[in-house]
There are 2 protein chains.
Amino acid sequence: MTTEPTILIVDDEAAIRDMIGVALDTAGFNSMEAESALEAHVNIVDKRPDLVLLDWMLPGGSGIELARRLKREELTADIPIIMLTAKTSEDNKVQGLDVGVDDYVTKPFSPRELIARIKAVLRRSTGNLRDKPIRVFDLELDPASHRVTIEEKAVDMGPTEYRLLNFFMTHPEKVFSRDHIQDQVWGANVYLEERTVDVHIGRLRKALTSASNPGINYAGLIQTVRGAGYRFSTKPE
Amino acid sequence: MTTEPTILIVDDEAAIRDMIGVALDTAGFNSMEAESALEAHVNIVDKRPDLVLLDWMLPGGSGIELARRLKREELTADIPIIMLTAKTSEDNKVQGLDVGVDDYVTKPFSPRELIARIKAVLRRSTGNLRDKPIRVFDLELDPASHRVTIEEKAVDMGPTEYRLLNFFMTHPEKVFSRDHIQDQVWGANVYLEERTVDVHIGRLRKALTSASNPGINYAGLIQTVRGAGYRFSTKPE
DNA sequence: CCTACGCTTTACAGTCATTTAAAACAATCA
DNA sequence: TGATTGTTTTAAATGACTGTAAAGCGTAGG
């Protein structure tokens, strides 16, 4: 599954970093910390976080400088930045310091607001690219509408079966062990009984069957490979 | 809720902002101000003005940059922009229009000219995009009269439900998460309880149902996609 | 032909997402 | 101001989905 976004917190005060870190954790993000612009830059280049929370008032070479640098360099230009600033009114000299930052939050801020803004920015930066529909014969999976159809007629299935089918259709003609399927569909570090995968395979097949016309049975596309796992294949077994 | 259009003025000189602000007020527009590209961007995303007056020569040369960014991002791409520029040279015109700006006005300008151009741009953009009624079967939403009808008979609903339906009808056949819907219908960074969206969906469905004839239930067009969000679709679930 | 193993199916109880209803809160208008 | 209308929050009810365990099948290998 999609791993949680990683957020880099850049602030010189440990207390603030911690506070934010906790807020991010509870909201389900991964977080990293840096206390100087230099450290931050290294971290960003190395780890490529999904978003940077950057304190405006870093000692020495200020946060703005870092932001400008990040936005100028191609490698890092598309990593969204949210600035943390002290007070609105004072910082009205902010003007010339415009660097293409994606949003800013003024301290003090509520964790809730911060989280909301982070999510909004992430949504804006990543949400735009959605995949094209995948089609096999008359079976189509369309991520944009989050819908599976057979001959244009909707196939009813649960979220897990949808992810499962999505995984198979994007990786056709290959066998996958149950473990591998677990990692991809449920996410790593989720422990499940092995049989659980079978059960969901079963459910997916049932969904496909009950939506298939007599003629082709789309459940047959999901093939059992005895002793190895499962395979999505257009070729008959 | 036939509010006057809201115009965002982006200029670093307070005197100019005030001058324009007065002109807009007397012409019957609402106005907001921002003095930096950063502030402007945040305002635009949060408040979604109907038009942006953008100074070309913002410190840091970021006016153009902002325009480009706004036009690139889906969320803001259809907000018209009028550039304010001191220079008259042809280059600027070409460049500005390249970025996708809708019009430009060279300083110094008369308030009268500015108003005229604003109206022209608004007419054009609302005329092209927002003014035409959208129809699905016998359900029609007409932005011009701000009215929803089923088989020519008015459907009664609140403003929020109207915006919601408008959003759905202009983005059919796609799933949207609750967060995404919030961004589009309420404005980004308005943080609401997630369930609020559900409640309004519920009310919209109710409104559609009680206006539907036995036969078609238009509430069915708004489909719940469990674990993903909602979708407006003409295809049955 | 029997057994053992691996896969499939079913049933179920717990959990989680969505809906619904109602109350609290805001804004608007006379 | 009080009445009206619309919005948000909250909590409880509903219903769908999930993972597990156990029973049922089929098949390969003896």
Side-chain angles (χ1 to χ4, degrees), chain A residues 1 28 110 112-113 116 146 148 154-166 175-183 185-187 189-210 217 219-232 237, chain B residues 1-4 30 146 148 154-167 175-182 185-187 189-210 217 219-220 222-232 237:
Chain A
M1 238 203 101
S110 71
R112 195 185 183 192
E113 181 188 357
H146 204 277
V148 177
V155 182
D156 187 47
M157 66 180 71
T160 307
E161 286 73 47
Y162 176 88
R163 291 202 306 277
L164 195 51
L165 180 60
N166 184 57
V175 219
F176 296 99
S177 69
R178 290 166 175 73
D179 278 343
H180 202 299
I181 293 172
Q182 267 186 43
D183 284 355
V185 175
W186 275 263
N189 57 37
V190 175
Y191 174 75
L192 293 174
E193 211 54 45
E194 270 220 332
R195 293 281 138 259
T196 301
V197 175
D198 301 52
V199 171
H200 282 278
I201 294 270
R203 298 212 246 251
L204 176 53
R205 281 174 174 156
K206 191 148 97 185
L208 293 175
T209 303
S210 58
N217 181 7
L221 296 175
I222 296 158
Q223 301 169 355
T224 305
V225 183
R226 196 160 242 263
Y230 296 97
R231 169 180 57 206
F232 183 87
E237 292 190 87
Chain B
M1 199 192 110
T2 337
T3 19
E4 314 309 329
N30 293 320
H146 204 274
V148 178
V155 182
D156 187 47
M157 67 179 70
T160 307
E161 284 74 46
Y162 175 86
R163 290 202 307 277
L164 196 51
L165 181 60
N166 183 58
F167 169 66
V175 230
F176 295 98
S177 68
R178 288 158 228 280
D179 280 341
H180 211 295
I181 293 172
Q182 271 186 41
V185 175
W186 276 263
N189 298 323
V190 177
Y191 44 82
L192 296 172
E193 216 51 46
E194 270 217 331
R195 296 281 135 258
T196 302
V197 175
D198 301 45
V199 171
H200 284 278
I201 294 270
R203 301 221 301 223
L204 176 54
R205 281 175 175 157
K206 194 146 92 182
L208 293 175
T209 302
S210 58
N217 180 7
I222 295 157
Q223 301 170 353
T224 305
V225 183
R226 192 160 247 260
Y230 295 97
R231 167 180 59 204
F232 183 88
E237 287 192 270

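- A:Glu194 comes within contact range of no nucleotide atom at all, as no heavy-atom separation falls under 4.0 Å.
- Each of A:Val199 and A:Val225 has a nearest nucleotide on DNA chain C; the 5'-most of these lies closest to A:Val225.
- When rounded to the nearest whole Å, the span between CD1 of B:Ile201 and P of C:dA21 equals 17 Å.
- Distances shorter than 4.0 Å separate some side-chain N or O of B:Arg205 from OP1 or OP2 on C:dT19.
- Computed from coordinates, the B:Asp198 CG to C:dA21 P distance equals 14 Å when rounded to whole Å.
- The aromatic rings of A:Tyr162 and A:His146 lie parallel to each other, their planes meeting at an angle below 30°, with 60° marking the opposite boundary.
- For the pair B:Tyr230 and C:dT19, the criterion of a side-chain N or O lying under 4.0 Å from OP1 or OP2 is met.
- Side chain of B:Thr196, nearest nucleotide from D:dG19, D:dT7, D:dT8: D:dT8.
- The phosphate of D:dT18 has neither OP1 nor OP2 within less than 4.0 Å of any side-chain N or O from A:Trp186.
- Nearest nucleotide to the B:Arg195 side chain, out of D:dT10, C:dA11, D:dC17: D:dT10.
- In this structure, A:Thr160 does not reach the D:dC17 phosphate: none of its side-chain N or O atoms is under 4.0 Å from OP1 or OP2.
- Nucleotide D:dC17 holds its P atom 15 Å from the CG atom of A:Leu164, rounded to whole Å.
- An OP1 or OP2 oxygen of C:dT19 is reached within less than 4.0 angstrom by a side-chain nitrogen or oxygen of B:Thr224.
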| task | Check the pair A:Gln182 / A:Val190 against side-chain contact (heavy atoms from CB on, under 4.5 Å), numbers first and verdict last. | result | CA-CA 8 Å; A:Gln182 267 186 43; A:Val190 175; 6.0 Å; no
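- Summary of the strand contacts: A:Leu192 and B:Tyr191 both lie near DNA chain D, and taking for each the nucleotide with the nearest heavy atom, the more 5' one is attributed to B:Tyr191.
- Which of D:dT7, D:dG19, C:dT8 sits closest to the side chain of A:Arg203 comes down to D:dG19.
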Give the C-alpha distance, both sets of side-chain angles, the deciding distance and a yes or no for side-chain contact (heavy atoms from CB on, under 4.5 Å) between A:Tyr230 and A:Val175. CA-CA 5 Å; A:Tyr230 296 97; A:Val175 219; over 6 Å; no
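- Comparing D:dG26, C:dT18, C:dT8 against the side chain of B:Arg226 picks out C:dT18 as the nearest.
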message: Between A:Ile222 and A:Leu208, does the side-chain contact (heavy atoms from CB on, under 4.5 Å) criterion hold? Intermediate values first, please.
response: CA-CA 10 Å; A:Ile222 296 158; A:Leu208 293 175; 3.8 Å; yes
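- Rounded to a whole Å, the NZ atom of A:Lys206 is 13 Å from the P atom of D:dC17.
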